[in-house]
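Take a look at the structure below.
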There are 2 protein chains.
Amino acid sequence: MTTARRPATLDDVARAAGVSRSTASRVIAGNGFTSPVARDRVRTAADRLGYVPNAAARALVRGAGVRLLVAVAGATPSVLDDSYINQVVSTSAQVCAPYGLGVTVEWVPLDEPGRLTRLADDRGVAGLLLVNTTDAMLGLVPRRLRGRTASIGIGSASVPSVDIDNGGGTAAIVRHLYATGHRRIAMVTGPPWLTCATRSVEAYRGLLRQAGLPAREVVGDFSAARGRAAAREVLRRWPDTDAIVGISDATALGVIGQLRADGVQVPGDVAVTGFDDIPLASVTALTTASHPVRRIATAAATMVLEQRPVPPLTVFPSALVLRESA
Amino acid sequence: MTTARRPATLDDVARAAGVSRSTASRVIAGNGFTSPVARDRVRTAADRLGYVPNAAARALVRGAGVRLLVAVAGATPSVLDDSYINQVVSTSAQVCAPYGLGVTVEWVPLDEPGRLTRLADDRGVAGLLLVNTTDAMLGLVPRRLRGRTASIGIGSASVPSVDIDNGGGTAAIVRHLYATGHRRIAMVTGPPWLTCATRSVEAYRGLLRQAGLPAREVVGDFSAARGRAAAREVLRRWPDTDAIVGISDATALGVIGQLRADGVQVPGDVAVTGFDDIPLASVTALTTASHPVRRIATAAATMVLEQRPVPPLTVFPSALVLRESA
DNA sequence: GATTGTGCTGGTAGCGCTCCCAGGTGTGTG
DNA sequence: CACACACCTGGGAGCGCTACCAGCACAATC
C-alpha cells in the first residue's frame, strides 16, 4: 500500500507510533512489559508501514543464525539427489519458513565425518538436522549446537532422534511372506553403515533364524538400478528363491523390472516387497510398508526449531500395505 | 583445533594477523586492494582460528537478505509435496549453500497471487525463484527483487526464465507415435492455468491438426491418481483410442496401472507415453521425454544468485527416450 | 510522609561486518 | 623537485535490531 522506496525499519515504526524504538521492539518481539495502548499503536503503525522485521539484524544481535543445516552422510555427493533426501529438505524448508529461517543441505563424506564440524561451525547455522547419521557424526556436533540438533534415522542418547520403525515394518513384511507360504526369502539390503537400514536387516535375519530358515542377503543401496543388479545376483546364487524383500520401494521396483525382463513372474514365481510406500507403489501394485517421510522430517525440524527438551526418541510406526506384488 | 569457546570474528583474525579489521575484511571478501603479504597473513590467521564469516552480519550491512524464496503457485498447499517441487527446492538449497544462503518454500494460492508480495517483502529474502508461475505473479515481484528473480517454466519478458522445451519434447513423442502407426492418440493434460503444461498440449494439438486427426483431451494434474481416473475417462469417451500421451511420467504410470487393471494390454492395445524420465521410468520401461529438473533448477538458482543480466530465457532441450511402453 | 514495590518507558551499547574516506607509501612524469 | 598517480592501509560510521539499565509514575505498604 505505502510506496515504500526504503523498507520500513523499527525506527520508522517507533516514530510513526510515537514511542521509542525500545518499546516498539518489545511489542514486535513480544517480550517485556508493554501497555495495551503502546501495543496497539505500534501494531497499527507496523501494519500501515508494512513493517517486516529484518531477519539478519535480529539474528546478528541475538547471535542466533539464519538457517537450518541438513547434513547428509553418504559415500558420494549424489546422495543429495535421492528422493528421500529431497523430501526431508523440502519439508524442513516448509517448517522453517514461518520462523524466518532458511535451509541448506550439505554432504558429509563417510570417510571424512569431520566435514560436519566445519560446516556446522558457521555461525549462520541455527540448527542441525542429521540424516543417514553415522555414529562418528554424533560426536562431532559443535557444543554451540547441542540442543539444536536432531537426527533422522538413528537411536542415540546424545542427540534426539526421530525415525520410522524399520524393524517393525520389515518384520511385518517378512511375517506376511511366511504366512503366505514363502520359505526361501532373500533380501536386498541397504548400505551396511546405515543404522536404520541395518535394523531392517536384523529384523529379517531374526525372523528367519526363528523359523529355522537361512538368510539370503545381497547388499543394495536403496536405488532402483542397484535393485536390478541385485535381483540377478539373488537368482544366480539361490535360484529357488521365492520371495525378495527390498530395502526400499525403488529397490523393489528395480527388482521387479529385472525379474519381469528375465521372464520371471511377479508375484507368481517370486513375490517382491518394498519399503516406503511411495506414490508410485500404489500404481505399480507393490506390497510395502508405510514410511511417512514428511511427518518424520516435520517432527525432526520442529524439535530443532523449538528446542524441545523432552522426547529423546520418537519412533513412527510402519504399517504393512498389502498389494499385489506379494 | 583451537578450543574455540567463542567463535572467531574478523577482529580476532585481524589481530592475529597484525592488520586492521578493514584489511582483513578486504582479504576475506576479496574486494579492494590488498598486498600479497597482507593477503597471506590474513588467510593463515583465518585458517588457524577456523574463522567463518557471520552471514547475518554480512547480510545486515550489505542489506542483502539471507535466503532464497521459492514461491510455488498452486490450487492447494499440497503442491509443495510434489516431487518436482521437492527437487527444485533441494537443488536450490545445494546451489545456495556455498553462498551462505538458505532456502525457503512457500505456497502462492492461485486465487490470491498477492500473497507473493507479502512473502517477498521480507527483507530476509535475497532472491526469488518462481515455480509454476502464473502471469499474475510476474507483476507482483517487489521492485527490490527485480533482477534477483527467476522463473522456472514460463516465457516472459519481465523475469528471466529457464525451462524445458515442453513443446519440442511432446512433439517428438507424438511424432514417434504417429510414425509407429498410431492414429487415435489421446492426451491426459496438465492444469490449464500452467503455461508450461499448456505448451505441451499445444504441441500435441498442432501436430494432430496437421495430420488431420482430432484431439482427444482429458484434463489431469500431473499425479498418478488423476492418471488412473483419466485413463478410464479416455476409454469411455473414445473406446478406439490406441495411444495415450501423459503430461508426466506419474500420469503415464497411473494410466498404465489402470489400463492393465482393466485388462488392456500396454503397449499391445494402447501405447502410453510419459514426460520427465524419472528414475522409475527406466524400471517400468516407460517411453518418455527427458526433463533434467536439477539442471533447470541449478540454472535458475544460479541466475538469481549471480544476478546474471544477460540470458532472458534459457530453454533446455527435451530428448525422446524410447522404451517399451510405446 | 517515607519506603518499597510494580508496570512501563527511553537511552544507549553493542552484535560482526562492509564500505567510505583520509591518509600513507612508493614509482613514474613534467 | 614538485606533482600526479598508482597501490595499499587504518579509522570510523553505521546496517537494524535486542538487551540491559536507569528512570519515571503510580499504588501499596509501613
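What you are looking at is a predicted structure, and each value in this text was computed from that prediction instead of being measured. Residue numbers start from 1 in every chain, and the chains themselves are labelled A, B, ... in the order their sequence lines are given, proteins ahead of strands.
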Please check the phosphate of C/dG10 (OP1 and OP2 only) for any side-chain N or O of A/T23 closer than 4.0 Å. yes
So, is A/S25 near the phosphate of D/dT18, with a side-chain N or O under 4.0 Å from OP1 or OP2?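 Yes, A/S25 has a side-chain N/O under 4.0 Å of OP1/OP2 on D/dT18.
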What verdict does the salt bridge (Lys or Arg N to Asp or Glu O under 4.0 Å) test give for A/R118 and A/E106, after you've listed the backbone C-alpha separation in whole Å, the side-chain angles of each residue and the deciding distance to 0.1 Å? CA-CA 11 Å; A/R118 193 142 13 108; A/E106 297 269 14; over 6 Å; no
Start at the 5' end of DNA chain D and walk down; is the nucleotide closest to B/G18 or to A/A56 reached first?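 Here B/G18 is the residue nearer the 5' end.
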Specify the residue among B/A57 and B/S20 whose closest nucleotide of DNA chain D lies further upstream toward the 5′ end.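 The residue whose closest nucleotide sits nearer the 5' end is B/S20.
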Please tell me which of the listed nucleotides, [options], lies nearest to the side chain of [X]?
| X | options | value |
| --- | --- | --- |
| B/P36 | D/dC8, D/dC17, D/dA19 | D/dC8 |
| A/L60 | D/dT18, D/dG16, C/dC8 | D/dG16 |
| B/R58 | D/dT18, C/dT18, C/dG16 | C/dT18 |

To the nearest 0.5 Å, tell me how far A/L145 CG sits from A/L140 CG.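 CG of A/L140 is found 12.5 Å from CG of A/L145.
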Separation of atom [atom1] in [X] from atom [atom2] in [N], rounded to whole Å:
| X | N | atom1 | atom2 | result |
| --- | --- | --- | --- | --- |
| A/R21 | C/dA13 | CZ | P | 11 Å |
| A/D12 | D/dG16 | CG | C1' | 10 Å |
| A/R62 | D/dG16 | CZ | C1' | 13 Å |
| A/F33 | D/dG23 | CZ | C1' | 15 Å |
| A/L10 | C/dC15 | CG | P | 20 Å |
| B/R123 | D/dC17 | CZ | C1' | 13 Å |
| B/D40 | D/dC8 | CG | P | 14 Å |
| A/D11 | D/dG14 | CG | C1' | 12 Å |

How is [X] classified with respect to the nucleic acid when contacts are heavy atoms under 4.0 Å: base, sugar-phosphate, or nothing?
| X | answer |
| --- | --- |
| A/R26 | base |
| B/T9 | sugar-phosphate |
| A/A38 | sugar-phosphate |

Does any N or O in the side chain of A/R67 come within less than 3.5 Å of the main-chain N or O of B/G100, such that one atom is a donor and the other an acceptor? yes
B/T117 side-chain N/O to B/P142 backbone N/O, donor-acceptor pair under 3.5 Å: no
With a 3.5 Å cut-off and heavy atoms only, can you find an N or O donor on one side and an acceptor on the other between the side chain of A/S22 and the base of C/dG11? yes
Exceeds 12 heavy-atom contacts within 6.0 angstrom, atom CZ of A/R146: yes
